[in-house]
Amino acid sequence: MDPALRAEFGIEGEWATVRRHSIRWSECDQFAHANNTAYLLLCEDSRVAHWLEIGGRFALDSPGPLVARIEAEFRRSVAFGDEVAVTLRPLALRRTSFTTEYAVWKQGLIFRSKAVLVSAVPSSGEKVPLTPEIRAALIAQGATEE
């Protein structure tokens with residue numbers, strides 16, 4: 001991660017990915033503060049990009065990461081036009097699932113989340129083992145096997 005980006009947003013720790021984002025009006029409530037759901041959508045954007053970056057794809061008949069569980073911690077709010085950094089890192093993996101952590105930064109941590117993602121075929125819901133390539137990519141980014 002670029003040291004200037006780390007300093008600009010107050011990012012701590014090691015992260016596999018980082019993305020800049022400007023809070024859009026459509027993500028805000030009537031007071032121009034980012035709505036709680038906006039943070040989860042930022043995580044989703046990171047999750048989708050990350051899956052594609054590690055060799056995954058999205059198709060009805062192809063395994064993809066389906067959210068099985070998600071938790072969120074809101075620390076501070078941001079508002080319309082604020083620039084934030086969204087980070088993602090894989091934490092752990094099992095045979096058909098893995099856990100990722102997300103954080104949103106603006107002068108330090110403002111939001112964090114963890115999600116358990118299950119590798120499953122969307123059209124059938126059938127759980128599918130993570131491919132060796134996906135497993136290797138997640139491990140290379142710091143995930144540990146459980």
Side-chain angles (χ1 to χ4, degrees), residues 1-29 33-75 77-78 80-106 108-146:
M1 179 182 307
D2 179 330
L5 187 67
R6 184 181 290 281
E8 179 183 354
F9 292 100
I11 299 170
E12 299 174 4
E14 297 303 317
W15 297 88
T17 68
V18 61
R19 300 168 61 89
R20 295 177 76 96
H21 180 78
S22 181
I23 301 298
R24 297 181 297 251
W25 181 253
S26 63
E27 296 169 325
C28 296
D29 60 20
H33 294 107
N35 187 297
N36 287 359
T37 59
Y39 296 90
L40 296 174
L41 290 173
L42 292 174
C43 294
E44 180 181 74
D45 288 346
S46 288
R47 181 170 46 254
V48 168
H50 179 251
W51 182 250
L52 295 172
E53 287 166 10
I54 63 172
R57 54 183 284 245
F58 291 96
L60 285 177
D61 60 347
S62 178
L66 304 181
V67 176
R69 183 175 32 147
I70 195 161
E71 60 185 59
E73 179 184 349
F74 300 90
R75 293 187 158 199
S77 63
V78 290
F80 173 67
D82 281 348
E83 292 286 324
V84 299
V86 183
T87 55
L88 174 150
R89 64 181 161 205
L91 297 177
L93 64 139
R94 302 178 84 169
R95 191 174 75 78
T96 62
S97 66
F98 60 104
T99 303
T100 52
E101 181 177 21
Y102 311 88
V104 179
W105 308 85
K106 182 181 178 357
L109 182 65
I110 62 169
F111 171 84
R112 70 177 167 191
S113 177
K114 284 185 185 175
V116 175
L117 308 169
V118 175
S119 174
V121 178
S123 60
S124 67
E126 172 192 5
K127 290 182 184 180
V128 177
L130 295 167
T131 67
E133 296 80 14
I134 296 288
R135 294 182 76 75
L138 293 170
I139 290 169
Q141 293 177 340
T144 57
E145 295 195 60
E146 290 186 341

Within a strict 4.5 Å, meaning less than it, do heavy atoms of the [X] and [Y] side chains meet?
X      : Y     : answer
Leu138 : His50 : yes
Arg135 : Leu93 : yes
Arg20  : Glu83 : yes
Glu146 : Thr99 : no
Val86  : Tyr39 : no
Phe111 : Val78 : no
Glu27  : Leu41 : no
Leu5   : Glu8  : yes

Using 0.5 Å steps for rounding, measure from the [atom1] atom of [X] to the [atom2] atom of [Y].
X      : Y      : atom1 : atom2 : value
His33  : Phe80  : NE2   : CZ    : 13.5 Å
Arg89  : Thr100 : CZ    : OG1   : 11.0 Å
Ser97  : Leu117 : OG    : CG    : 8.5 Å
Glu14  : Thr87  : CD    : OG1   : 11.0 Å
Ile110 : Glu73  : CD1   : CD    : 12.0 Å
Glu101 : Trp15  : CD    : CH2   : 4.0 Å

Would the distance check show the side chain of [X] and the main-chain N or O of [Y] forming a donor-acceptor pair, the cut-off being under 3.5 Å?
X      : Y      : result
Trp51  : Arg57  : yes
Ser113 : Tyr102 : no
Ser123 : Leu60  : yes
Arg6   : Ile11  : yes

Nearest non-hydrogen partners of [X] and [Y], listed with the distance:
X      : Y      : answer
Ser119 : Pro129 : OG-O, 4.2 Å
Leu130 : Phe98  : CD2-CD2, 3.9 Å
Lys127 : Thr96  : CD-OG1, 4.1 Å
Ala16  : Pro90  : CB-CD, 3.9 Å
Ala143 : Ala92  : CB-N, 4.1 Å
Pro122 : Ser62  : CD-O, 3.2 Å

Stepwise salt bridge (charged side-chain N to carboxylate O under 4.0 Å, His left out) check, Glu71 with Lys114
CA-CA 5 Å; Glu71 60 185 59; Lys114 284 185 185 175; 5.1 Å; no

Give the intermediate values and the outcome of side-chain contact (heavy atoms from CB on, under 4.5 Å) for residues Arg75 and Leu109.
CA-CA 7 Å; Arg75 293 187 158 199; Leu109 182 65; 3.4 Å; yes

